[in-house]
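Since the model is a prediction, treat every value here as computed from it, not as a measurement.
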Amino acid sequence: MQLIKKNLFPILFTLSLLLFTTYQSKYITTAYFWDELGVYIPAAQHMNDAGTISLLPSSLDPLYSRGHPLLYTFLNASVFHFFGDRVAVAHTLALIISILVLVSFYFIISNLLSKKVAFFSCLLLAVQPLFISMALLSLPEMCLCLFLLWAVWALIKNYGLLFALMSTLAILTKESAIVIIGVAVCTLYFDKLFLSKNKDKKATRFSLICIIIPVLVYALFLGIQRIQNGWFFFPEHIGYLHFNLVGFFDTNWLMCKQFFFHKSNFIVGLASFVYLVFNFFHYRRAAKFHFVVIAFIIVSMFFSNVNFYMQRYLLIILPWIIVLGVWALDQILDLYFKTKYLKNSMLVLLMTFSSYLAISNWDSNTFNDTCDISYRRTVSLVQETANWLQSQTWKNEVIEANFPVFQALQDPRNGYVKQPFAIDVDFQQPCKYGIFFKTKGIWDPLSEHTYVKTLKLFKNDFAEIRVVEFR
């Protein structure tokens with residue numbers, strides 16, 4: 001009994017992790033969705049098919065790489081090479097990475113704060129709609145989150161070489177990880193100005209070298225990309241960079257609503273926001289842990305302001321927002337409850353209710369990209385259409401289709417069909433039949449084209465797929 005009491009939180013974390021894995025395993029074979037269907041999985045498939053599994057820009061057509069660093073594609077292609085390029089293989093890798101995020105997060109917070117805060121933070125992270133959705137999708141943000149967790153921890157603990165390694169891996173996963181360099185520079189300044197009594201120049205030089213290493217690696221990648229592809233950054237993405245004052249406030253408010261004030265995370269999110277604002281204005285008195293975490297959240301949000309923004313791009317700050325909120329609530333309860341029993345009981349009640357709020361918002365029943373598990377409704381709709389199509393007498397004819405239907409039908413490896421279909425896109429040739437996906441309120445792909453009749457209509461509460469005959 002004493003052993004169980006002593007290891008209560010590690011035991012609870014292990015049981016929670018098993019429950020999380022069991023739940024996610026039921027959906028391992030779910031067909032690919034949106035960006036994994038249109039970009040990341042085709043990239044890994046092409047790299048594996050061509051036998052050019054490499055981190056070099058020339059190993060993949062820019063149409064698929066989009067100028068991004070290729071570590072995540074390299075990992076997917078490597079797994080495909082050894083275990084086959086089935087849907088279950090890609091999603092198993094994604095699940096393993098998400099489990100590593102939770103295990104890493106538990107270790108890091110146990111080391112920095114306490115096992116109690118670590119357990120409740122991991123529990124709340126695991127049930128957040130964004131995390132539960134992203135945990136099984138073949139997208140780079142979860143892998144990026146893993147590396148940046150360790151980079152932030154290394155920064156807090158002054159582990160220079162570990163910081164250099166994890167920051168480099170993060171940047172080679174996705175260039176948005178460059179935010180960690182800005183955080184490191186701010187932390188070095190803060191450390192020398194307010195924390196260090198002995199301002200050792202040798203230690204400062206070593207810290208600067210560790211900060212510069214990831215930057216040099218990324219600069220090397222860009223130099224090679226310039227030589228091999230003719231440009232540093234994918235030309236189409238240059239247009240996404242912007243700075244508009246009105247847009248700046250609008251995007252910030254959107255981020256705050258999604259990460260601090262959303263009903264799925266309201267209790268912990270609000271506590272985190274108040275704690276963040278308080279420490280921001282009292283940064284000179286903040287502990288290094290708080291300074292680094294808050295700087296990481298703010299710099300990441302600022303970077304998203306001047307770039308194309310999607311909620312999943314800020315998955316990297318979600319663990320830290322949650323831990324700030326849990327820690328703040330724990331400290332507040334310390335002030336108002338004198339006995340340990342009452343305090344812990346209240347904390348358990350708050351965490352249970354917070355978990356309920358998160359779970360009850362898993363499925364918004366709207367087209368919400370990868371922000372919650374409602375994406376499975378879109379996958380089911382496309383799957384239903386593909387199943388019907390495979391029984392039609394005209395299935396061997398060339399069919400006009402839009403995204404995501406054409407990607408689903410073109411390659412059986414994407415999880416929708418057994419045999420590939422002949423597909424035309426953007427009306428490049430006359431076709432007798434067409435299949436078109438649209439969501440409510442979005443431009444109708446058939447608005448500029450006439451058709452004889454609708455053969456079949458598949459729909460749910462927020463999307464439809466219309467099968468038409470043109471002549």
Once you measure the plane-to-plane angle for [X] and [Y], does it fall in the parallel (<30°), tilted (30-60°) or perpendicular (>60°) bin?
X      : Y      : answer
Phe367 : Phe33  : tilted
Tyr40  : His68  : parallel
Tyr23  : Trp362 : tilted

From [X] [atom1] over to [Y] [atom2], what is the distance, rounded to the nearest 0.5 angstrom?
X      : Y      : atom1 : atom2 : value
Ile53  : Ser78  : CD1   : OG    : 5.0 Å
Ile297 : Ile316 : CD1   : CD1   : 10.0 Å
Ser207 : Asn158 : OG    : CG    : 6.5 Å
Phe291 : Leu155 : CZ    : CG    : 9.5 Å
Tyr313 : Lys174 : OH    : NZ    : 4.5 Å
Phe119 : Ser114 : CZ    : OG    : 12.0 Å

Strictly distance-based, threshold 3.5 Å: is any side-chain N or O of [X] a donor or acceptor partner for the main-chain N or O of [Y]?
X      : Y      : answer
Asn414 : Gln407 : yes
Ser133 : Leu130 : no
Thr173 : Leu71  : no
Ser272 : Ile321 : yes
Asn305 : Met301 : yes
Gln24  : Thr92  : no
Ser59  : Leu55  : no
Ser167 : Ala151 : no
Glu36  : Leu137 : no

Discussion item. Evaluate Ser65 against Thr73 for side chain to side chain contact (heavy atoms under 4.5 Å, CB included), listing each step before the verdict.
Written reply: CA-CA 8 Å; Ser65 72; Thr73 301; over 6 Å; no
Would you say [X] and [Y] make side-chain contact, with heavy atoms under 4.5 Å?
X      : Y      : result
Asn344 : Lys116 : yes
Tyr416 : Val379 : yes
Leu318 : Ile322 : yes
Leu149 : Pro319 : yes
Leu95  : Ser25  : yes
Val348 : Phe120 : yes
Phe273 : Phe259 : no
Asp61  : His46  : no

State, to 0.1 Å, how close [X] and [Y] come at their nearest heavy-atom pair, and which atoms those are.
X      : Y      : answer
Leu314 : Ser300 : CD2-O, 3.8 Å
Phe206 : Gly160 : CE2-CA, 4.1 Å
Leu124 : Ser354 : CD2-CB, 3.7 Å
Met47  : Leu60  : N-CD1, 4.1 Å
Tyr32  : Ala90  : OH-CB, 3.4 Å
Asn48  : Ala77  : OD1-O, 3.9 Å

Item to complete: Could you please spell out the steps behind the side chain to side chain contact (heavy atoms under 4.5 Å, CB included) verdict for Arg312 and Asp369?
Response: CA-CA 9 Å; Arg312 76 165 194 258; Asp369 192 54; 3.6 Å; yes
Response to the item:
The complete set of side-chain hydrogen bond (donor to acceptor under 3.5 Å, both in side chains) pairs with one or both residues in residues 219-234, sequence neighbours excluded, reads Ser58-Gln228
Worksheet item: How far apart are the C-alpha atoms of Leu165 and Trp150, what are their side-chain angles, what is the distance that settles it, and do they pass the side chain to side chain contact (heavy atoms under 4.5 Å, CB included) test?
Response: CA-CA 9 Å; Leu165 173 62; Trp150 287 105; over 6 Å; no
Item to complete: Step through it carefully: locate the ring centre of His290, locate the ring centre of Tyr275, and say whether they are under 6.0 Å apart.
Response: yes
Practice prompt. Only one of Gln128, Glu141, Met310 passes side-chain contact (heavy atoms from CB on, under 4.5 Å) with Leu315; say which it is.
Written response: Glu141
Practice prompt. Can you establish whether the number of heavy atoms outside Phe303 located under 6.0 Å from its atom CZ is more than 12?
Written response: yes
Worksheet item: More than 12 heavy atoms of other residues, nucleotides or ligands under 6.0 Å from CZ of Phe403: is that the case?
Response: yes
Discussion item. Using a 6.0 Å distance limit plus a 45 degree cone around the ring axis, check whether Arg377 lies over the aromatic ring of Phe462.
Written reply: no
Worksheet item: Is the NZ or CZ atom of Lys115 positioned over Phe13's six-membered ring, under 6.0 angstrom from the centre and within 45° of the axis?
Response: no
Worksheet item: Under the side chain to side chain contact (heavy atoms under 4.5 Å, CB included) criterion, do Leu270 and Phe261 qualify, and how do the steps go?
Response: CA-CA 6 Å; Leu270 181 60; Phe261 308 133; 4.0 Å; yes
Discussion item. What I want to check is whether the side chains of Ser364 and Asp372 have a donor and an acceptor closer together than 3.5 Å.
Written reply: yes
